[in-house]
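Because only heavy atoms are used, hydrogens play no part in the values below, and waters and symmetry mates are left out as well, while side chains stay in.
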Amino acid sequence: MFSMAIVTSALELGFIYALVALALFLSFRVLNIADMTTDGAFTLGCAVSATVALTGHPYLALPAAMLAGSCAGFITAALQTKWGVPSILAGIITNTGLYTVNLAVMGFSSNVNMLRSATIFTLFPGSRLILAMIITLLAGAAMVLFLNTRLGLSIRATGDNPDMVRASSINTGFTVTIGLCISNSITALSGAVLAQYQKTADINLGTGMVIIGLASLIIGETVFRRGKVWMKVLGAIIGCILYRFIIAIALRLDLPSECLKLVSAVIVACAIALPNIKKNKGGK
């Protein structure tokens with residue numbers, strides 16, 4: 001059913017988009033915050049990566065994109081912790097403002113073409129899958145190590161019980177800020193890698209990233225229902241790869257590309273509802 005080219009492409013995109021799933025694991029599952037900055041931060045990573053790569057520095061483009069993403073996360077966190085804006089609304093506000101910022105980064109053009117520019121993938125021809133896999137696995141390993149540090153444990157505790165954390169004299173505003181900065185930097189890294197993978201950046205590339213990330217995260221959680229942090233991180237990565245294969249199947253069924261967002265929404269709805277359906281059936 002699948003040719004080698006389709007399998008390879010699904011794996012490559014699966015590893016690249018898995019970074020978004022890792023970011024949402026940190027914000028959505030660990031911090032218990034529905035961060036709507038994701039779409040804008042992903043596009044910001046694309047824009048910064050393309051702009052810096054065009055200057056001849058494709059490697060520098062990745063940390064530059066991560067820094068830009070962390071700034072977006074800082075703004076969202078500041079709206080929540082300093083000015084009392086609800087988390088969902090704070091992310092929407094930042095995401096809305098990022099549209100203009102992203103256009104400005106791309107020189108007020110809706111897209112940036114890198115066909116004649118070197119990227120991290122053109123510098124290592126024939127190893128795109130390996131490079132994408134290494135970047136994602138390193139990011140996943142770094143997240144696992146971080147979440148087991150003292151600060152990481154404080155962030156995990158903030159998501160579990162913020163009142164208890166405050167009673168322990170831990171600044172929850174600080175832990176939320178660090179968590180959202182890291183989360184959005186990983187999202188921006190995903191956008192940065194995708195822009196260089198596709199050799200183009202578009203203002204609409206980030207549309208629907210929250211749905212893609214959530215779909216991947218929830219699929220991964222059905223594979224690894226319980227376990228330590230490293231298993232949950234691995235589950236997010238595997239979930240994104242499985243999600244890309246589901247999309248590949250949809251494309252093989254000749255569904256129009258315009259329907260892929262609907263397919264993503266259906267996948268998320270089914271993944272969320274399935275445990276409750278099983279629970280209700282078991283209770284009868």
Side-chain angles (χ1 to χ4, degrees), residues 3-23 37-72 95 97-139 184-209 212-213 240-241 244 247-248 251 256-258 260-261:
S3 66
M4 184 56 66
I6 293 176
V7 172
T8 302
S9 177
L11 288 172
E12 290 169 352
L13 290 173
F15 278 112
I16 293 173
Y17 285 118
L19 292 167
V20 179
L22 290 178
T37 318
T38 302
D39 288 9
F42 185 89
T43 306
L44 179 62
C46 292
V48 172
S49 179
T51 303
V52 176
L54 284 174
T55 65
H57 301 284
Y59 292 110
L60 182 61
L62 301 187
M66 293 182 70
L67 179 60
S70 66
C71 290
N95 188 45
L98 282 175
Y99 186 87
T100 302
V101 173
N102 294 334
L103 280 175
V105 171
M106 293 191 293
F108 288 99
S109 172
S110 61
N111 58 75
V112 175
N113 193 307
M114 293 186 290
L115 291 177
R116 297 183 179 181
S117 174
T119 68
I120 58 173
F121 294 101
T122 57
L123 294 175
F124 292 95
S127 59
R128 298 200 302 178
L129 174 57
I130 295 174
L131 193 54
M133 180 174 63
I134 289 174
I135 292 172
T136 300
L137 292 180
L138 285 177
N184 283 282
S185 69
I186 297 174
T187 299
L189 175 62
S190 179
V193 176
L194 182 69
Q196 296 199 39
Y197 175 83
Q198 296 183 341
K199 305 203 74 172
T200 184
D202 188 272
I203 193 63
N204 296 314
L205 273 178
T207 303
M209 277 301 118
I212 292 175
C240 195
I241 293 173
R244 291 311 309 181
I247 294 298
L251 291 173
S257 60
E258 293 83 0
L260 293 183
K261 298 298 182 184

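The main-chain N or O of Ala53 is found under 3.5 Å from a side-chain atom of Ser117 such that the two form a donor-acceptor pair. The main-chain N or O of Asn111 is never found under 3.5 Å from a side-chain atom of Asp202 such that the two would form a donor-acceptor pair. Remark: the backbone N or O of Phe15 is paired with a side-chain donor or acceptor of Thr136 at under 3.5 angstrom. A distance-only check finds a donor-acceptor pair linking the side chain of Thr200 to the backbone of Val112 [under 3.5 Å].
Summarising the local packing, CG of Leu60 is surrounded by more than 12 heavy atoms from other residues, nucleotides or ligands at distances under 6.0 Å.
Within the model, atoms CG of Leu205 and CZ of Phe42 stand 6.5 Å from one another, a figure rounded to the nearest 0.5 Å. Annotation: the span from Arg244 atom CZ to Ile6 atom CD1 amounts to 12.5 Å, rounded to 0.5 Å. How far CG of Leu54 is from OG1 of Thr119: 11.0 Å, rounded to the nearest 0.5 Å. Note that CD of Gln196 and CG of Leu131 are 9.0 Å apart. Values are rounded to the nearest 0.5 Å.
Partners of Asn102 by side chain to side chain contact (heavy atoms under 4.5 Å, CB included), not counting sequence neighbours, listed by chain and number: Thr43, Leu44, Leu98, Ile203. For Gln198, there are no side chain to side chain donor-acceptor pair (under 3.5 Å) partners two or more places apart in sequence or in a different chain. For Thr8, the side chain to side chain contact (heavy atoms under 4.5 Å, CB included) test picks out Met4, Glu12, with sequence neighbours left out.
Taking every heavy atom of both residues into account, Ser49 and Ala192 meet most closely at OG-O, 3.0 Å. When every heavy atom of Ala195 is checked against every heavy atom of Met114, the shortest pair comes out as O-CE, 2.9 Å. Contact between Met106 and Thr51 at its shortest, heavy atoms only, is CA-OG1, 4.4 Å. Taking all atoms of both residues into account, the shortest heavy-atom contact from Cys240 to Gly14 is SG-O, 3.3 Å. What you find for Ala41 and Asn184 is that their closest heavy atoms are CB-OD1, 3.5 Å. Across Leu22 and Ile186, no two heavy atoms sit closer than the pair CB-CG2, 4.5 Å.
Using cut-offs of 30° and 60° for the angle between ring planes, the Tyr197 and Phe121 rings count as perpendicular.
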